[in-house]
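Okay, structure first, notes after.
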Amino acid sequence: MPQGQPSVVPDDGLTTRQRRNRPLTIVHTGVGKGKSTAAFGLALRAWNQGWPVGVFQFVKSAKWKVGEERALRVLGASGEGGTVAWHKMGEGWSWVQRSMESSEEAAREGWEQVKRDLAAETYRLYVLDEFAYPMHWGWVDTAEVVAVLRERPGAQHVVITGRNAPPALVDAADLVTDMSKVKHPMDTGQKGQRGIEW
């Protein structure tokens, strides 16, 4: 497999191995299609490495049955690779014993659970799907998110998806991809289709 060569070697006192293995904060943002899909591709790689994966869907309805969910749940339960835990805000979050009164409250509770899991080092990869929206809408404090991610223990990677990722999050992230749209079938009136959008 070809090895990428960094264009800059920082004077940070770390060995190449230490620098290579440090945990990453990854952001997939922009108006184009593929932000969540790319994050779920990372989840497949993490599962293959035997890492425990935690998926937290912050905006999509619990009724929305995405293909990646079924595939990752089956893989996680297969006994091969890593485990996969899947949590949906639209289901009221599986760990909450009371009903959420609003989407804003549910998003805050989801973030509180992510913080607990980061502190406990529950997963090696966290997919915070559509989490850019609660920050953009002011439901979750971006400065707190940045601080928690900066101080998280261990070797936990976090990928956050969603349009309008706040500038402070983008600045703090290690890897940011802006998905831009060149063309989309919806531009010509075509709705989403099975196998492509879900």
Side-chain angles (χ1 to χ4, degrees), residues 1-2 4 7 24-49 51 53-76 81 84-93 100 102-104 106-108 110-111 114 123 125-142 145-146 149 157-198:
M1 180 169 183
S7 56
L24 299 176
T25 297
I26 302 167
V27 175
H28 297 168
T29 193
V31 298
K33 176 177 168 42
K35 297 176 287 293
S36 296
T37 303
F40 296 139
L42 288 175
L44 287 173
R45 289 179 177 172
W47 170 84
N48 185 60
Q49 293 298 322
W51 296 357
V53 176
V55 178
F56 297 80
Q57 286 192 292
F58 277 85
V59 174
K60 292 185 176 93
S61 166
K63 295 177 183 174
W64 187 292
K65 302 299 182 194
V66 295
E68 295 95 341
E69 177 184 357
R70 181 167 182 261
L72 282 165
R73 283 186 187 269
V74 168
L75 288 172
V84 178
W86 199 287
H87 308 286
K88 293 183 187 180
M89 185 173 85
E91 292 176 336
W93 302 114
M100 298 282 103
S102 70
S103 296
E104 183 174 350
R108 281 198 202 106
W111 170 239
V114 170
Y123 306 109
L125 176 71
Y126 295 72
V127 177
L128 308 186
D129 189 36
E130 310 287 5
F131 188 52
Y133 292 104
M135 285 184 276
H136 176 71
W137 295 329
W139 294 357
V140 175
D141 181 59
T142 302
V145 171
V146 168
L149 294 179
H157 300 284
V158 178
V159 57
I160 296 170
T161 72
R163 294 181 181 201
N164 302 311
L169 176 67
V170 169
D171 289 345
D174 302 292
L175 191 163
V176 178
T177 299
D178 187 306
M179 306 285 193
S180 62
K181 183 185 79 160
V182 177
K183 291 173 82 173
H184 194 290
M186 289 180 72
D187 298 337
T188 58
Q190 182 175 336
K191 287 190 168 188
Q193 60 179 295
R194 187 183 308 273
I196 302 298
E197 270 74 35
W198 71 90

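In this chain, numbering begins with 1 at the start of the sequence shown. Just so we're clear, the structure is a prediction, and the values are computed from it rather than from any experiment.
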Q: Output, in order, the C-alpha distance, side-chain angles, deciding distance and verdict of side chain to side chain contact (heavy atoms under 4.5 Å, CB included) for Glu68 and Thr37.
A: CA-CA 8 Å; Glu68 295 95 341; Thr37 303; 3.8 Å; yes

Q | Step-by-step side chain to side chain contact (heavy atoms under 4.5 Å, CB included) determination, Val145 to Val140 | A | CA-CA 8 Å; Val145 171; Val140 175; 3.6 Å; yes

Q.
side chain to side chain contact (heavy atoms under 4.5 Å, CB included), that's the test. Do Leu128 and Val114 meet it? Break it down for me.
A. CA-CA 9 Å; Leu128 308 186; Val114 170; 3.8 Å; yes

Q: Give the C-alpha distance, both sets of side-chain angles, the deciding distance and a yes or no for side chain to side chain contact (heavy atoms under 4.5 Å, CB included) between Val27 and Lys35.
A: CA-CA 9 Å; Val27 175; Lys35 297 176 287 293; over 6 Å; no

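Here Ala71 pairs with nothing under the side chain to side chain contact (heavy atoms under 4.5 Å, CB included) rule; sequence neighbours left out. Residues satisfying the salt bridge (charged side-chain N to carboxylate O under 4.0 Å, His left out) criterion with Asp178, sequence neighbours excluded, are absent altogether. Under the rule for a side chain to side chain contact (heavy atoms under 4.5 Å, CB included), the partners of Asp141 that lie at least two apart in sequence or sit in another chain are Ala143, Glu144. Looking at residues two or more places apart in sequence or on another chain, you find no ring pair (Phe, Tyr, Trp, His ring centres under 6.0 Å) involving His136. Residues meeting the ring pair (Phe, Tyr, Trp, His ring centres under 6.0 Å) test with Trp47, sequence neighbours left out: none.
A centroid separation of less than 6.0 Å is found between the aromatic rings of Trp111 and Phe131.
Applying the ring-ring contact (aromatic ring centres under 6.0 Å, His included) test to pairs two or more places apart or on separate chains, those with a residue in residues 157-195 are Trp51-His157.
Considering CG of Leu169 and CE of Met135, their distance stands at 4.5 Å, rounded to 0.5 Å. Atom CG of residue Leu125 and atom CG of residue Leu44 lie 10.5 Å apart, to the nearest 0.5 angstrom. Rounding to the nearest 0.5 Å places CG of Leu175 at 10.0 Å from OG1 of Thr25. Of the inter-residue distances, the one linking Asp129 atom CG with Glu69 atom CD reads 10.5 Å to the nearest 0.5 angstrom. Taking CZ of Phe56 as the start and NE2 of His87 as the end, the distance is 4.0 Å to the nearest 0.5 Å. In this structure, OH in Tyr133 is found 8.0 Å from OG1 in Thr161, a value given to the nearest 0.5 Å.
Phe58 and Ala107 get closest at one heavy-atom pair: CE2-O, 3.5 Å. Closest heavy-atom contact between Val176 and Val170: CG2-O, 3.7 Å.
Under the 4.5 Å side-chain criterion, counting only non-hydrogen atoms from C-beta, Val53 is not in contact with Leu42. Looking at Asn164 and Trp137, their side chains never come closer than 4.5 Å, going by heavy atoms from C-beta outward. Using a 4.5 Å heavy-atom cutoff, the side chains of Val31 and Met179 are not in contact. Side-chain atoms of Ile26 and Val158, non-hydrogen and from C-beta on, never get closer than 4.5 Å to each other.
Ion pairing between a basic and an acidic side chain is recognised when a charged N comes within 4.0 Å of a carboxylate O; Glu130 and Arg163 show no such pairing.
Taking the six-membered ring for Trp and thresholds of 30 and 60 degrees, Tyr126 and Tyr123 have ring planes more than 60 degrees apart, a perpendicular arrangement.
A distance-only check finds no donor-acceptor pair linking the side chain of Thr142 to the backbone of Pro166 [under 3.5 Å].
Checking Gln57 against Trp86 by side-chain atom types alone, a donor-acceptor pair falls below 3.5 Å.
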